[in-house]
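Some notes on the structure that comes next.
Below, chains carry the letters A, B, ... as their sequence lines are ordered, and counting in each starts from 1.
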2 protein chains.
Amino acid sequence: MDISKDLIRGHTDTIILNILSQGDSYGYQVSKSIRSLSDNQYSLNEATLYTAFRRLEKIGEIESYWGDETQGARRKYYKITSSGRQHLEAALNEWQFAKNIISHLISGEVTEGDNL
Amino acid sequence: MDISKDLIRGHTDTIILNILSQGDSYGYQVSKSIRSLSDNQYSLNEATLYTAFRRLEKIGEIESYWGDETQGARRKYYKITSSGRQHLEAALNEWQFAKNIISHLISGEVTEGDNL
DNA sequence: CAAATTACTTTGACAAACACAGTAATTTGT
DNA sequence: ACAAATTACTGTGTTTGTCAAAGTAATTTG
């Protein structure tokens with residue numbers, strides 16, 4: 001992984017919700033999707049991922065069910081709820097907004113007026 | 001404040017280094033600069049700011065000295081070091097890079113290939 | 001002279017992320 | 001047939017950054 005975890009912090013839930021908004025999935029697959037969506041630049045620690053699942057389920061943004069795999073290991077599937085979709089949309093809007101503010105904060109010029 | 005703290009997390013040091021790269025400053029003024037640079041959308045908690053100062057000083061990215069104020073409250077000034085400037089530049093590059101990755105992660109399409 | 005502002009500091013709490021370890025099944029290579 | 005690798009989920013304990021709240025102390029404003 002190349003990019004600092006703290007830059008991703010605050011996006012974890014949104015990342016998961018984005019992936020689940022495109023279809024039900026389970027931990028291992030979500031993990032691989034994250035690696036793939038980031039062009040192998042980022043991978044979420046397993047513990048972090050499952051912690052996020054539990055957090056999102058607790059607040060009703062996702063639901064889970066055990067898949068009935070005839071072969072392969074058992075899988076717990078996660079499904080986004082309508083509340084989760086709302087949250088996802090809100091987060092995307094916030095990001096568009098925050099991106100500019102962050103850019104100002106880390107590279108903007110401090111004008112004299114700021115001292116008044 | 002309008003934007004979530006977790007979106008800023010990971011940028012705090014960079015924000016401070018950016019401000020100090022434009023001239024020595026002290027806590028209260030940095031705090032106001034942040035509010036101003038963000039168009040009043042974000043303000044950093046005082047405790048967080050001073051914690052960051054201590055952290056940055058400890059790792060040698062800033063240095064501090066007491067101002068000799070003839071009037072007004074005493075002020076501890078902070079100065080960016082060359083190591084701090086290097087870190088700032090690296091962080092700005094990382095941000096350019098991370099911005100795109102985050103965008104992919106939170107709104108990119110998961111392709112079938114991701115499941116393989 | 002009280003209240004507001006400037007300015008810095010400490011303490012204690014919390015939440016997210018992580019490393020690490022563990023459980024358990026299945027698939028692959030030899 | 002068996003060991004190794006992979007798939008898949010879970011739990012524990014620690015670290016880190018941020019924050020709220022409170023405190024200290026000076027100066028300026030009404």
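- One finds the OG1 atom of B:Thr48 at 9.0 Å from the CZ atom of B:Arg55 (value rounded to the nearest 0.5 Å).
- When rounded to the nearest whole Å, the span between CD of A:Gln29 and P of D:dA8 equals 8 Å.
- Considering only the side chain of B:Asp6, C:dA16 comes nearest among C:dA19, C:dA16, D:dA20.
- B:Tyr28 places its OH atom 7 Å from the P atom of C:dA7, with the value rounded to the nearest Å.
- At D:dT16, none of the side-chain N or O atoms of A:Lys5 fall inside 4.0 Å of OP1 or OP2 (strictly under the cut-off).
- Annotation: of the two residues near DNA chain C, B:Tyr78 and A:Asp13, the 5′-most nearest-nucleotide partner is B:Tyr78.
- Put simply, the side chain of B:Glu46 and the base of D:dC19 share no donor and acceptor less than 3.5 Å apart.
- With DNA chain D read from its 5' end, the first of the two nearest nucleotides for A:Tyr26 and A:Arg9 is the one closest to A:Tyr26.
- Contact between the side-chain N/O atoms of A:Thr48 and the OP1/OP2 oxygens of C:dC18 is found at a separation under 4.0 Å.
- At the phosphate of D:dC9, OP1 or OP2 sits under 4.0 Å from a side-chain N or O atom of A:Tyr50.
- Between C:dA17 and A:Thr12, a contact under 4.0 Å exists linking OP1 or OP2 to a side-chain N or O.
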Evaluate A:Leu17 against A:His87 for side chain to side chain contact (heavy atoms under 4.5 Å, CB included), listing each step before the verdict. CA-CA 8 Å; A:Leu17 291 175; A:His87 184 124; 4.0 Å; yes
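- Rounding to whole angstrom units, CG of residue A:Leu56 and C1' of C:dA16 are separated by 12 Å.
- Rounded to whole angstrom, the span from the CG atom of B:Leu44 across to the C1' atom of D:dA20 amounts to 14 Å.
- For A:Ile59 and C:dA16, the CD1 to P distance is 9 Å, given to the nearest whole Å.
- Here D:dT28 sits opposite C:dA3 as a Watson-Crick or G-U wobble pair (both hydrogen-bonding atom distances under 3.5 Å).
- Checked options A:Lys79, A:Lys76, A:Glu57; the residue passing with A:Ser64 is A:Glu57 (criterion: side chain to side chain donor-acceptor pair (under 3.5 Å)).
- In this structure, A:Lys76 places its NZ atom 9 Å from C1' of D:dT10, rounding to the nearest Å.
- The shortest distance between the side-chain N/O atoms of A:Arg54 and the OP1/OP2 oxygens of D:dC9 is not below 4.0 Å.
- Rounded to whole angstrom, the span from the OH atom of A:Tyr77 across to the P atom of D:dT7 amounts to 14 Å.
- The neighbour count for A:His11 NE2, taken as heavy atoms of other residues, nucleotides or ligands under 6.0 Å away, is above 12.
- For the residue pair A:Asn93/A:Glu89, the side-chain donor-acceptor check at 3.5 Å is not satisfied.
- Atom OH in B:Tyr42 sits roughly 10 Å away from atom C1' in D:dG17 (whole-Å rounding).
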